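A short write-up of the structure that comes next.
As the structure lists them, so they are numbered: ligands from 1, and atoms in each ligand from 1. Note that the structure is a prediction, hence the values are computed from the model and not measured. These numbers come from the heavy atoms of this one structure, side chains and all, not from hydrogens, waters or symmetry mates.
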Amino acid sequence: MKQGKLLYAGKAKSVYRTDTKGTLIVEFRDDITAFDGGKKDTLKNKGSYNAGVSAFFFEYLEKHGVKTHYLQMLDKNRMAVRTLSMIPLEVIVRNVAAGSIVRNYPFREGIKLSPPVIVIDFKDDSRHDPMLNDDLIIALKLATPAELRKIKKISLEINRLLSSLLARQGILLVDFKIEFGRQGKTIRLGDEISMDSMRLWDKKTKESLDKDVYRFNKGDVMATYNRVARRIMTGGAARPAATKKNTVAAQRKVPGSPGRAAKPKAKKR
Ligand code: 5GP
């Protein structure tokens, strides 16, 4: 597959056309930003950690029946994905109160939210991603009522799957943000699931293992990303489903680790 013209460049990823119909390439760059782009840096290897972890999660979710845009890794920073018509919603699932929900509402940080709380923001940088409700989503024609029900159902299923996968690694999935797109009538998970888009805490110590380390200068963000990527991808792979594919995913090379790189494998979907 040949990489074509740049279609879109976001804050940390670039999307390219390809010569294959219905397929795009997402490049995870080494850029990291926070606070609406107010804080910016370029950190060596950061893109490959996020690409590797995203691919690992996408493969895991697909194996458990969640439809995603993921096709295959091309190299350590680039992923082939299905073309989706993206829905401009940021779906945030929260299991524990942290971040903006603590700033904006009278929740004490660290309290369990059970059942999980879904918050949906309008993906619009110029408006600073304002929070939506169901009526606004329908009135703005961002999704139909049936699509919205489906999006919420898939989001909770993703939360269930990822929470239990991470729990086995001693990691608490505090919250995460996901985005969806349409492929015809099918709703698929798009974008990424990585340390940039999740809040992960060590279960015992409550230490941050995600972008909060960068946001709030809590330490060496790259050392954290390296450690958490290894912890997620090498420890967690074989246990959820000890299949051949999962073993391959488990062996994908974590940058800086002695693991083997997984061969890009064409997938029939
Ligand atoms: P909060 O609303 O507390 O700032 O974020 C909740 C969760 O969603 C966190 O895990 C955060 O990383 C993620 N999140 C919220 N907005 C964005 C965004 O614009 N980009 C990314 N990558 N993640 C986001």
Ignoring angles and geometry beyond distance, decide whether Glu192 reaches within less than 3.5 Å of ligand 1 through its nitrogen or oxygen atoms. no
For ligand 1, which atoms have a heavy atom of Ala98 less than 4.0 angstrom away? 3 (O)
So, are Asp41 and Lys46 salt-bridged, with charged N and O less than 4.0 Å apart? no
Show which atoms of ligand 1 fall inside a sub-4.0 Å distance from at least one heavy-atom site of Asp196. 12 (O), 21 (C), 22 (N), 23 (N)
N/O to N/O below 3.5 Å, does that happen between Arg103 and ligand 1? no
May I ask you to say whether Asp19 pairs ionically with Lys2, meaning some side-chain N is under 4.0 Å from a carboxylate O? no
Measure the spacing between CG of Asn50 and CE of Met195 and express it to the nearest 0.5 Å. 5.0 Å
With a 4.0 Å cut-off on N to O distance, would you call Lys152 and Asp134 a salt bridge? yes
Using heavy-atom distances, let me know which of Arg94, Lys177, His128 sits nearest atom 23 (N) of ligand 1. Lys177
Pick, from Met198, Arg199, Arg215, the option with the minimum heavy-atom distance to atom 11 (C) of ligand 1. Arg215
Using a strict threshold of under 4.0 Å (side-chain N to carboxylate O), is an ion pair present between Lys13 and Asp196? no
Any heavy atom of Ala12 sitting closer than 4.0 Å to ligand 1? no
